[in-house]
Amino acid sequence: MPPIAANSPLLELQDVHMHFPVREGVFLRAARSCKAVDGVSLSLRAGETLGLVGESGCGKSTLGKCIVRLHQPTSGKILFEGTNLAALKPRALKPHRRHLQMVFQDPVESLNSRHTVGEILTEPFEIHGVGDAASRRASVLALLEKVGLPAVAAERYPFEFSGGQRQRIGIARALALNPRLLVCDEPVSALDVSIQSQVLNLLLDLQRELGLTYLFIAHNLAVVKHVSDRIAIMYLGRIVELADADEIYEQPLHPYTRALLSAIPRPNPGGRRERIVLQGDVPSPINPPSGCPFHPRCPHATDRCRAELPALRPAPKLSGHTVACHYDLP
């Protein structure tokens, strides 16, 4: 695949929707749909990390699976190096798959417990017809070394490793075919806090060494700040705010972003921060509210919010900062 043109995004999402049919009744007719992703537009530059943050059930993981085509989007475009992946059939998609890989949240479920680590890491080469047996073996050993595991790990099974080691195996598998983009779906949320920092530092080291681009999905804003260049906030299938990582922490504009940031524990227990407690529950994506999806929980909601969906628009006086809110809140 040829390199992309200068200043062109590596990945660009244009109005991506992912609606799952909800089958009901005796004949299981799809009378309604679950709007897991409901019109997302994003872009990623080569070499950057975009953090994607939101509560559980907001559509983050579904969007990641759409990007790597584990889900076929209902509509919209997924442009990877200028090619619309959403429009490709499986045979035409296969050459592109090696350039987009995913690191899953649960390393126990994502690794085949009946295969040795060597077999797991060899499989990508076999599927794509890369190298012979000897070169594949050498590549497996190089991958293990790259993620900090000994060569003898190739002969062992996933259940013989700790959670952090299993996630390193998952990262090694994702790196096997020299991808350009990794979708990291909450890669440290299932790990102990002491191990989380090791895996995060490994991902940062690999990015510097290999020039990788990351979409880093998480619900922990403190973790995302550590690794991200930009951060997108997602709520009920939509992006509600997008900005540089430092700016979104220093000048959050959307009420939902402010509520999320107020919940981050402070390292100084004596420091004062206003805790914003949202009322009510996240609405169902099967029956989302009219107008702004956040208005049932927003303390600033007006009649306009209840009737009109806000577009993601540039924030006044803040370059590169976009927000989906009708009002410029102080």
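From a predicted model like this one, the values you see are computed outputs, not experimental measurements. The figures here come from the full heavy-atom set of this structure, side chains too, leaving out hydrogens, waters and symmetry mates. Index from 1, following the sequence.
Nearest approach of Pro158 to Ile120, heavy atoms of both residues: CG-CD1, 3.7 Å. The shortest non-hydrogen separation linking Leu177 to Gln101 is CD1-NE2, 4.5 Å. Nearest heavy atoms, Gly237 versus Val40: O-CG2, 3.5 Å.
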Exercise answer: donor-acceptor pairs, residues 70-80 side-chain atoms, under 3.5 Å, sequence neighbours excluded:
unit_1, atom_1, unit_2, atom_2, d
Gln72, OE1, Arg69, NE, 3.2
Gln72, OE1, Arg69, NH1, 3.4
Gln72, OE1, Arg69, NH2, 2.7
Gln72, NE2, Ala86, O, 3.0
Thr74, OG1, His19, N, 2.8
Thr74, OG1, His19, O, 3.4
Ser75, OG, His17, ND1, 3.3

Could you give the side-chain donor-acceptor pairs of residues 243-251 under 3.5 Å, partners two or more places apart or in another chain?
unit_1, atom_1, unit_2, atom_2, d
Glu247, OE2, His321, ND1, 2.6
Tyr249, OH, Leu221, O, 2.0

Show me, pair by pair, the donor-acceptor contacts under 3.5 angstrom made by side chains of residues 146-153, not counting sequence neighbours?
none

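In terms of hydrophobic clustering, with Ile, Leu, Val, Met, Phe, Trp and Tyr side chains grouped at heavy-atom distances under 4.5 Å, Leu144 and Leu210 are assigned to a common cluster. Ile169 and Val108 are assigned to two separate hydrophobic clusters, defined by single-linkage of ILVMFWY side chains at heavy-atom distances under 4.5 Å. Linking Ile, Leu, Val, Met, Phe, Trp and Tyr residues whenever their side-chain heavy atoms come within less than 4.5 Å leaves Leu236 and Val22 in two separate clusters. Hydrophobic clustering (side-chain heavy atoms under 4.5 Å, transitive across Ile, Leu, Val, Met, Phe, Trp, Tyr) groups Val323 together with Leu318. Side-chain heavy atoms closer than 4.5 Å link hydrophobic residues (I, L, V, M, F, W, Y) into clusters, and following such links, even through other members, never connects Leu309 to Ile233.
Judged by distance alone, with hydrogens and angles left aside, the side-chain atoms of Gln167 form a donor-acceptor pair with the main-chain N or O of Phe104 at under 3.5 Å. In this structure, Arg306 contributes its side chain and Cys292 its backbone to no donor-acceptor pair below 3.5 Å.
Every pair passing salt bridge (Lys or Arg N to Asp or Glu O under 4.0 Å) that includes a residue from residues 39-57 is listed here, sequence neighbours excluded: Arg45-Glu48, Glu48-Arg230, Glu55-Arg297. Annotation: ring pair (Phe, Tyr, Trp, His ring centres under 6.0 Å) contacts involving residues 203-240, sequence neighbours excluded, comprise Tyr235-Tyr256, Tyr235-Phe294. Within the structure, every pair that satisfies the salt bridge (Lys or Arg N to Asp or Glu O under 4.0 Å) test and touches residues 192-208, not counting sequence neighbours, is listed here: Asp205-Arg208.
The hydrophobic cluster containing Phe159 also includes Tyr157, under a criterion of side-chain heavy atoms closer than 4.5 Å among ILVMFWY residues, counted directly or through chains of members.
Under the 4.5 Å side-chain criterion, counting only non-hydrogen atoms from C-beta, Val130 is not in contact with Arg136. Residues Val37 and Arg238 are not in side-chain contact: their nearest non-hydrogen atoms beyond the backbone lie 4.5 Å or more apart. Side-chain contact between Leu181 and Ile67: present, with at least one pair of heavy atoms (C-beta onward) separated by less than 4.5 Å. Side-chain atoms of Thr116 and Arg156, non-hydrogen and from C-beta on, never get closer than 4.5 Å to each other.
At most 12 non-hydrogen atoms from other residues, nucleotides or ligands lie less than 6.0 angstrom from CD of Glu145. For Arg304, the CZ atom sits in a packed shell: over 12 heavy atoms of surrounding residues, nucleotides or ligands are nearer than 6.0 Å.
Under the side chain to side chain contact (heavy atoms under 4.5 Å, CB included) test applied with Leu50, the options Ile231, Asp229, Leu215 reduce to a single match, Leu215.
Among residues two or more places apart in sequence or in another chain, the side-chain hydrogen bond (donor to acceptor under 3.5 Å, both in side chains) test is passed with Arg168 by none. With sequence neighbours left out, the salt bridge (charged side-chain N to carboxylate O under 4.0 Å, His left out) criterion links Glu155 to Arg137. Taking the side-chain hydrogen bond (donor to acceptor under 3.5 Å, both in side chains) definition, one finds that Thr122 meets it with nothing, sequence neighbours left out. For Thr257, the side-chain hydrogen bond (donor to acceptor under 3.5 Å, both in side chains) test picks out Glu241, with sequence neighbours left out. For the side-chain hydrogen bond (donor to acceptor under 3.5 Å, both in side chains) test, no residue two or more places apart in sequence or in another chain qualifies with Asp281.
A donor and an acceptor atom, one from each side chain of Asn287 and Ser284, are nowhere located under 3.5 Å apart.
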If you apply the rule side chain to side chain donor-acceptor pair (under 3.5 Å), what do you find for Asp185 with Ser61, and how did you get there?
CA-CA 6 Å; Asp185 184 14; Ser61 296; 2.8 Å; yes
